Amino acid sequence: MAHDSVQLPCDGDGACMRCKVTPLAEETLTCSTCATPWHVACLASPPETLASTLQWQCPDCSGDPLPSAAGALDGTSSELFAAIRAIESDESLTEKEKARKRQELVSGRVEEDGDKEKKGKEKESSFLDVLDGSLNCSFCMLLPDRPVTTPCGHNFCLKCFQKWIGQGKRTCAKCRSIIPPKMASQPRINSTLVSVIRMAKLSKSNVAAGPMKVYHFVQNQDRPDKAFTTERAQKPGKANAASGKIFVTVPPDHFGPITAENDPARNQGVLVGECWEDRLECRQWGAHLPHVAGIAGQSNYGAQSVALSGGYEDDEDHGEWFLYTGSGGRDLSGNKRTNKEQSFDQKFEKMNEALRVSCKMGYPVRVVRSHKEKRSSYAPEKGVRYDGIFRIEKCWRKVGIQGFKVCRYLFVRCDNEPAPWTSDDHGDLPRPLPAIPELKKATDVFERKESPSWDFDEEDNRWRWKKPPPPSKKPVNAADLEERKRARKAIRQAHTTTVRERLLKEFSCLICRQVMNLPVTTPCAHNFCKSCFEAAFSGKTAIRERSKGGRTLRSQKNVLHCPSCPTDISDFLQNLQVNRELMGVIESLKQKSEENQDAVEELSEEQVDESEENADIGSGDSETAQKTKNPDPKDDLQNPPPDSDQKRTSKRMKVDTTQVVADCE
DNA sequence: AGGCTTCTAGCT
DNA sequence: AGCTAGAAGCCT
């Protein structure tokens with residue numbers, strides 16, 4: 001190997017000054033910094049990969065030649081070198097096209113992909129006037145994907161950057177500044193830049209302004225697996241968290257057990273005895289959806305589930321059967337969610353009526369018990385547990401412990417699986433109703449007259465639907481619908497917010513909270529105005545300033561923390577570089593937003609609705625298969641049957657179907 | 001013990 | 001379609 005010898009480039013005539021031969025074009029490499037040609041065969045360490053040839057620096061420019069195990073280049077490489085040179089010399093191509101072609105060659109991307117990208121690029125070009133290509137990753141020449149910013153203020157795709165680092169490079173591909181080891185080993189995504197790029201992409205048709213699409217709106221499938229704290233929540237933890245993803249595919253008004261086919265996540269269904277940390281987690285598995293309320297139901301339709309949480313002192317728990325108290329009768333004015341004190345009578349309305357409908361129809365009701373039910377032997381020690389299917393056999397009103405009337409319900413278990421507390425190896429068998437002493441004083445007693453929908457089948461020896469379950473009135477992914485509702489709201493809000501406000505939000509300095517002026521990006525990917533950043537360390541930087549004097553002062557290294565995180569950014573501070581690319585974009589967006597501000601505020605909602613419609617997902621409905629005539633649950637009650645509701649439901653179902661078709665196309 | 005938020009049924 | 005009050009939570 002020639003690595004001990006002096007390395008020399010080609011002379012003005014193209015002859016290698018070391019071996020004196022004039023190499024063919026494909027046997028030479030041009031330095032990306034000084035543009036001097038070099039004879040590849042005479043290099044001590046030719047670039048290991050073709051990717052690195054694009055950014056190749058000659059031994060003179062790179063300073064410390066990398067130790068390389070690579071020998072002379074093989075034939076295949078030479079061919080590729082030739083191909084690259086051919087691209088370089090093709091005058092019909094623009095610089096960007098050249099870069100893309102080079103990239104295709106090097107990465108071995110298939111032509112089809114290249115075409116797709118080309119289409120993407122054409123799309124991009126319309127907003128490139130905002131970005132002006134200034135943000136493009138120097139490696140792939142595209143807008144950075146998962147952008148990372150070097151301390152010298154240059155932006156790259158995370159993957160491109162990692163590739164570069166993987167080749168042993170420790171200098172910025174753009175300006176040759178040293179990349180700190182920490183940045184090299186743990187590059188951080190610059191989330192502000194992510195916003196910049198998203199904004200730019202979204203503003204393509206309506207330069208810098210456009211309806212600022214709310215990209216952080218979450219659909220059920222995109223919701224996190226766990227409950228999460230929203231941006232506006234002041235308190236951490238689950239006290240005021242939003243629910244995470246709903247894992248099961250049953251509609252929110254689904255009665256009865258949740259079976260394997262509605263559990264795509266695990267394919268086992270919700271099993272009796274299953275436990276969850278809290279009500280939010282319980283909600284995610286569909287056993288009981290409301291995360292505060294004890295009863296899930298609709299007054300004209302029935303109740304699907306209840307929670308026993310010890311919220312009402314009148315409750316009486318006997319495991320396989322229990323006496324449940326209705327909701328209401330309490331003053332929740334102010335900001336309360338609960339109030340133990342009862343101040344008026346409960347009535348059979350709302351959720352209490354829903355329970356009565358379930359009683360009347362003999363619907364299966366899911367029951368969960370919470371650890372908060374302290375007076376019951378059957379409550380779990382921790383969290384919330386699914387205890388299976390119960391039926392409401394009777395309901396009535398009585399004067400409760402606090403002196404006001406409460407609604408009462410007799411729940412009796414009727415599940416095919418044994419209860420979590422029993423040592424039986426089989427589920428429930430029909431049992432005689434327990435004697436209820438308080439019934440003597442009860443008023444408004446209601447008993448089921450018709451045969452129950454959910455009953456024990458003597459032949460099958462198991463509990464099952466004896467009558468078709470009530471058809472669902474809600475789409476399966478009601479959670480999605482709710483999300484979309486919220487998203488619509490958010491979009492509307494985005495319309496009324498000025499671009500300036502959004503700029504402020506997305507590109508504000510973490511110190512002064514204003515739109516950044518001369519932005520600097522720390523290696524830990526936090527962004528500040530240069531002046532704010534410097535001011536934060538005024539008086540502290542002096543110690544390090546004398547380091548250029550001599551190496552004796554090196555021992556005095558002063559640890560300085562990023563204003564936003566504990567990262568030591570003392571090295572970064574020493575040579576503060578403005579992220580000019582980011583600055584350019586902010587400036588341009590600022591300017592254009594001022595021009596368009598009025599127009600933005602007046603934007604019609606049509607655009608929003610359109611995008612909404614497209615984002616809509618048709619909802620299948622497993623229950624529609626059982627569309628037999630449903631007996632009206634309230635036909636013997638004073639209220640009129642919910643005719644209008646039924647019509648509305650079928651109408652919506654039709655709409656949903658067409659949407660599914662549309663979505664498939 | 002107080003107070004924050006989420007979710008939604010049931011109204012306008 | 002939009003709003004509001006009520007809901008058996010949860011955390012400091």
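Worth saying up front: this structure is predicted, and the values here are computed from it rather than measured.
Using a 4.0 Å heavy-atom distance criterion, Ala239(A) is classed as a base contact. Contact annotation for Ala241(A): backbone-only contact, meaning every heavy-atom pair under 4.0 Å involves sugar-phosphate atoms and none involves a base. Using a 4.0 Å heavy-atom distance criterion, Gly334(A) is classed as making no nucleic acid contact.
Protein atom CZ of Arg330(A) is 16 Å distant from nucleotide atom C1' of dA5(C), rounded to whole Å. Atoms CG (Leu280(A)) and C1' (dC11(C)) sit 13 Å apart, rounded to a whole Å. Between the NZ atom of Lys473(A) and the P atom of dG10(B) there is a distance of 10 Å, rounded to whole Å. Distance CD (Glu353(A)) to C1' (dG10(B)): 13 Å, rounded to an integer number of Å. The distance from atom CD of Gln346(A) to atom P of dG6(C) is 14 Å, rounded to the nearest whole Å. Following rounding to the nearest Å, Glu281(A) (CD) and dC10(C) (C1') show an atom-to-atom distance of 14 Å. Atom CG in Asp253(A) sits roughly 12 Å away from atom P in dT8(B) (whole-Å rounding). Atoms NE2 (His291(A)) and C1' (dA9(B)) sit 15 Å apart, rounded to a whole Å.
The six-membered or imidazole ring of Tyr363(A) lies away from that of Tyr301(A), with a centre-to-centre distance of 6.0 Å or more.
Remark: Ser309(A) is in phosphate contact with dG9(C), judged by side-chain N or O atoms under 4.0 Å from OP1 or OP2. For dG3(B), the OP1/OP2 oxygens have no side-chain nitrogen or oxygen of Lys336(A) closer than 4.0 Å. Side-chain nitrogen and oxygen atoms of Arg283(A) include at least one within less than 4.0 Å of the OP1 or OP2 phosphate oxygen of dT8(B).
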Taking only distance into account, with no hydrogens and no angle test, what donor-acceptor pairs under 3.5 Å do side-chain atoms of residues 236-246 of chain A form with protein atoms, sequence neighbours excluded?
unit_1    : atom_1 : unit_2    : atom_2 : d
Lys238(A) : NZ     : Asp278(A) : OD2    : 2.9
Ser243(A) : OG     : Arg283(A) : NE     : 3.2
Lys245(A) : NZ     : Asp225(A) : OD1    : 3.1

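Summarising the geometry of Phe322(A) relative to Val306(A), their closest heavy-atom pair is CZ-CG2, 4.5 Å, with the distance given to 0.1 Å.
Tested against Trp276(A) for a side-chain contact (heavy atoms from CB on, under 4.5 Å), the candidates Ser370(A), Pro380(A), Cys282(A) yield a single pass: Cys282(A).
Remark: the backbone N or O of His371(A) is paired with a side-chain donor or acceptor of Lys374(A) at under 3.5 angstrom.
Paired regions of DNA chain B, where each region holds three or more successive Watson-Crick or G-U pairs whose two hydrogen-bonding distances fall under 3.5 Å, are B:1-4 with C:9-12, B:6-12 with C:1-7.
One distance of note links CG of Leu355(A) with CD1 of Ile295(A); it measures 4.5 Å at 0.5 Å rounding.
Looking at the side chain of Ser299(A), the nearest of the listed nucleotides dC10(C), dA7(C), dG10(B) is dG10(B). The side chain of Lys238(A) lies closest to dC11(C) when the candidates are dC11(C), dG10(B), dA7(C). For Met351(A), the listed nucleotide lying nearest its side chain is dA9(B); candidates were dA8(C), dA9(B), dC10(C). When each of dA9(B), dG10(B), dG9(C) is scored by its nearest atom to the side-chain atoms of Lys474(A), the top-ranked nucleotide is dA9(B). Counting only heavy atoms from C-beta on, Tyr324(A) has its side chain closest to dA8(C) among dC7(B), dG10(B), dA8(C). Closest approach to the Ser243(A) side chain among dC7(B), dA8(C), dC11(C) is made by dC7(B) (side chain taken as heavy atoms from C-beta onward).
Nucleotides of DNA chain B nearest to Gly297(A) and Thr338(A) differ in position, and the one nearer the 5' end is that of Thr338(A). For Ser333(A) and Ser370(A), each mapped to the nucleotide of DNA chain C holding its nearest heavy atom, the one lying further toward the 5' end belongs to Ser333(A).
Cation-pi geometry between Arg330(A) and Tyr312(A) is met: under 6.0 angstrom from the ring centre, within 45 degrees of the axis.
A salt bridge links Arg369(A) with Asp317(A): the distance from a Lys NZ or Arg NE/NH1/NH2 to an Asp or Glu carboxylate oxygen falls below 4.0 Å.
Residue side chain Asn240(A) reaches the base of dG9(C) through a donor-acceptor N/O pair under 3.5 Å, judged by distance alone.
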